[in-house]
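Here the structure comes first, spelled out in structure tokens, and everything after it is commentary.
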Amino acid sequence: MITTIADLKRGQRGIIKEISAELIPLKLLEMGCLPGNEVLLVQTAPFRDPLYLNINGSHLAIRKETAMHIEIEILP
Amino acid sequence: MAKQLNVALIGNPNTGKTSVFNQLTGLNQQVGNYPGITVEKKEGLSKLSRNVKAHILDLPGTYSLNASSLDENVVIELLLNKNDKDYPDVAVVVSDVENLKRNLLLFTQIKDLEIPTILVINMADRMKRKGISLDIPLLEKELKTKIVLVSARKRTGIDELKEHIINYRHISTEPCLNASRMDPEYFDRLQSTFPNQSLYKLWLVITQDVNFGNVNRNSAPLREDFVTKDASTLKRMQQKETILRYQFINNVLKKGMTVDVNAAKGLRAQMDRVLTHKVWGYVIFFAILLLIFQAIYDWSSYPMDFIDATFAKLSEVTRTAMPPGPFTDLIAEGIIPGLGGIVIFIPQIAFLFLFISILEESGYMSRVVFLMDRTMRRFGLSGKSVVPLVSGTACAIPAVMASRNIEDWKERLITILVVPFTTCSARLPVYLIIIALVIPDESFMGFNLQGLTLMLLYLLGFGMAIGSAWILHKLLKIKSKSYFVIEMPNYKLPLLKNVGINVVEKTKAFVLGAGKIILAISIILWVLASYGPGDNFSNAREIVETKYSETYLPEEEIDELVASYKLQHSYIGNIGKAIEPAVAPLGYDWKIGIAIVSSFAAREVFVGTLATIYSVGSDEEETIKSRMASETNHILGGPLFTFASGVSLLLFYAFAMQCMSTLAIVKRETNTWKWPVLQLVSMTVIAYVAALLAFQILK
């Protein structure tokens with residue numbers, strides 16, 4: 001099982017490893033969601049969806065289904 | 001002659017671009033539309049120096065030149081078309097100091113179009129608080145541009161910006177990224193096919209739906225060799241482009257920007273903890289909604305009463321001051337009441353736009369979208385549908401346009417289709433007058449019954465919108481790749497000037513737009529009510545006098561009978577009688593029938609129509625309400641406005657699609673007549689059935 005943004009706990013950080021370009025909208029990449037960048041889970045809505053993230057300094061919210069396609073390595 | 005420069009303001013959403021625009025132009029601005037589309041076009045004039053003026057165009061906010069919406073497309077179409085009269089001599093990219101990295105992505109793209117570009121770093125007043133320091137000379141050198149630190153809030157930096165605009169010729173037009181680095185082989189081939197063109201522009205033509213100059217997207221070499229490369233390869237190249245741009249930006253910022261994390265303080269985290277909280281977040285949102293509705297009904301009733309009284313007075317003064325005759329009648333009975341029917345909206349609309357613009361400016365609206373997304377998705381909507389649904393309580397037209405930033409087509413379409421169910425301000429006067437007539441002004445458990453009814457009607461509107469969204473969600477078979485990205489901007493204290501300008505502009509547009517229709521309709525109605533065919537109309541007095549010759553009646557009463565007889569036999573009376581069978585089962589008479597038919601153009605015409613019909617022939621300064629209360633139902637007997645017919649009317653107006661402007665906007669936004677026609681037919685059927693059931697059960 002791969003670890004994705006959807007597995008982060010609130011306040012936890014991770015480094016983006018891999019994104020499947022086909023499934024991720026270009027707009028998200030342009031907002032800084034690129035391999036090597038750091039991501040922090042700021043807040044979740046009820047049922048952990050959508051997720052409020054800080055990616056590379058940009059604050060944005062995405063749905064869980066999208067978050068599940070962004071592979072990360074959780075930082076200790 | 002003073003020369004005039006063309007300046008385009010470009011930037012990400014939430015960077016305060018509009019504040020910079022307002023600072024540059026003051027009130028010297030106008031809002032229109034780009035030809036053929038409903039994208040808002042904001043432009044204005046700025047005096048740069050004693051003899052240089054600039055035409056400033058505030059382009060729609062965009063995150064990049066890879067357009068994903070109509071609004072964003074406008075930006076790239078303009079920037080690629082040198083022959084456009086608005087093609088900028090100089091582009092000003094507005095960025096937010098706290099999101100500089102992301103904002104610079106767009107900057108590098110604009111720069112690569114080889115247009116002289118100035119970089120504005122806005123919200124500079126926040127730098128210290130966020131522990132940010134910038135090496136401006138170094139950044140200017142690395143980015144090959146001029147940089148201006150601006151604080152629209154503190155009003156600093158604008159003069160410097162003006163100076164740089166004047167001296168735009170000294171700005172380098174050298175690009176930031178060599179496009180061929182994305183895929184050397186592909187771009188070498190492209191360059192040898194079009195030796196004289198900029199590679200980045202060609203790349204945009206290939207990936208975006210635009211043409212430029214003599215390079216046509218569908219020209220043979222481009223289409224066969226480059227465009228038709230399969231979509232996923234192109235997308236991978238765009239991804240590569242984005243990565244390369246960020247590499248460049250990271251390198252520049254590593255040298256030119258330092259952030260002292262320890263010095264950074266801000267309320268953002270604390271505020272988010274409360275405002276996006278699983279419980280408190282919702283409590284606060286609903287409290288804010290309540291406050292908005294309170295303002296619209298309660299606070300605006302004072303100016304509205306004043307406007308109502310003023311127009312009644314005006315009518316009376318006109319009648320006494322001008323010589324009697326048809327022209328005076330037209331003004332006093334047709335035009336003034338018609339205008340009053342529009343002006344009376346202003347307080348409520350202004351309040352609504354005030355609140356919506358404060359919610360958006362402050363950054364709070366994004367939190368609501370975040371909180372509501374999951375719930376809304378169950379009904380086939382998106383969290384972003386909240387904005388259209390809330391603005392729909394002001395007017396469905398801006399609401400339909402606000403649905404534009406919903407990425408998923410199915411969610412967007414459903415939003416557009418159900419928005420007209422929300423209680424827009426045009427329904428309000430209808431609701432208010434009918435509620436005043438049929439719902440007792442009494443308290444129930446400490447709540448005013450009339451107020452409760454109004455609230456119920458609002459809930460009903462939302463309920464219908466959500467319910468029909470769910471049905472559409474199940475019925476519509478549209479496959480679309482659903483995704484959702486929303487920026488969560490910083491919290492900002494709304495700038496008074498921005499909010500003020502927004503409220504004035506929106507209110508003005510509404511009043512002028514609706515005003516024209518209402519005025520035209522009230523004049524037509526007045527004519528139709530004041531003239532009639534045949535002897536019945538022209539000999540009304542004789543007929544009435546013969547009829548009552550046996551009984552002695554005072555002169556005044558005769559006059560009134562004549563007026564009412566005339567109205568019944570006027571053109572409008574004949575039309576009304578013809579449609580009466582269709583509306584009688586709903587509990588209405590022909591006058592209400594006329595009011596409903598005339599309000600198919602716009603709901604707010606209802607009250608104006610009744611005002612016109614009832615004031616024709618009435619000399620006394622009676623209010624419309626008391627005239628309506630004394631009307632009798634000539635079919636069933638008893639008063640016309642009873643609880644049953646009142647509820648029936650309220651339901652009819654709650655559900656019916658009576659707004660041509662909304663239909664026109666829906667047509668433009670969906671690009672087909674299919675959806676507006678569906679809206680018109682289904683909503684009217686629902687309205688008729690609901691009103692019929694209500695009257696038949698309650699009577």
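Keep in mind it's a predicted model, so treat the numbers as computed, not measured. In the text below, chain A, chain B and the rest are named by the order of the sequence lines, each starting its count at 1.
Residues A:I19 and B:Q239 are in side-chain contact: their nearest non-hydrogen atoms beyond the backbone lie under 4.5 Å apart. Side-chain atoms of B:M488 and A:Q43, non-hydrogen and from C-beta on, never get closer than 4.5 Å to each other.
Near-neighbour residues of residues 30-37 of chain A relative to chain B, defined by a heavy atom under 4.5 Å from a heavy atom of that chain, comprise A:E30, A:M31, A:G32, A:L34. Residues of residues 366-373 of chain B lying under 4.5 angstrom from chain A, judged on non-hydrogen atoms, are B:R367, B:F370, B:D373 by number.
Closest heavy-atom contact between A:P25 and B:K235: CA-NZ, 4.2 Å. When every heavy atom of B:K278 is checked against every heavy atom of A:A45, the shortest pair comes out as CE-O, 4.1 Å. Nearest approach of A:L29 to B:T242, heavy atoms of both residues: O-CG2, 3.9 Å.
Of the atoms belonging to B:T62, not a single heavy atom falls under 4.5 Å from chain A. Using a 4.5 Å cut-off between heavy atoms, B:R245 makes no contact with chain A at all. Interface residue B:L105: only side-chain heavy atoms are found under 4.5 Å from chain A. Proximity to chain B involves both the backbone and the side chain of A:N56, based on heavy atoms less than 4.5 angstrom apart.
Contact tally against chain A (heavy-atom pairs below 4.5 Å) for B:T276, B:N99, B:L100, B:N12: the top residue is B:T276. When each of B:N250, B:V485, B:I486 is checked for heavy-atom pairs under 4.5 Å with chain A, B:I486 comes out on top. With chain B as partner, the option from A:T44, A:L51, A:V42 having the largest number of non-hydrogen pairs under 4.5 angstrom is A:T44.
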Residues A:R63, B:E407; criterion salt bridge (charged side-chain N to carboxylate O under 4.0 Å, His left out); working and verdict: CA-CA 12 Å; A:R63 285 181 184 164; B:E407 298 90 346; over 6 Å; no
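Counting non-hydrogen atoms of other residues, nucleotides and ligands closer than 6.0 Å to CD of A:E18 gives a total of 12 or fewer.
For the atom pair A:R10 CZ and B:R273 CZ, the distance stands at 7.0 Å (nearest 0.5 Å).
Side chain to side chain, A:Y52 and B:D272 meet the donor-acceptor criterion of an N or O pair below 3.5 Å.
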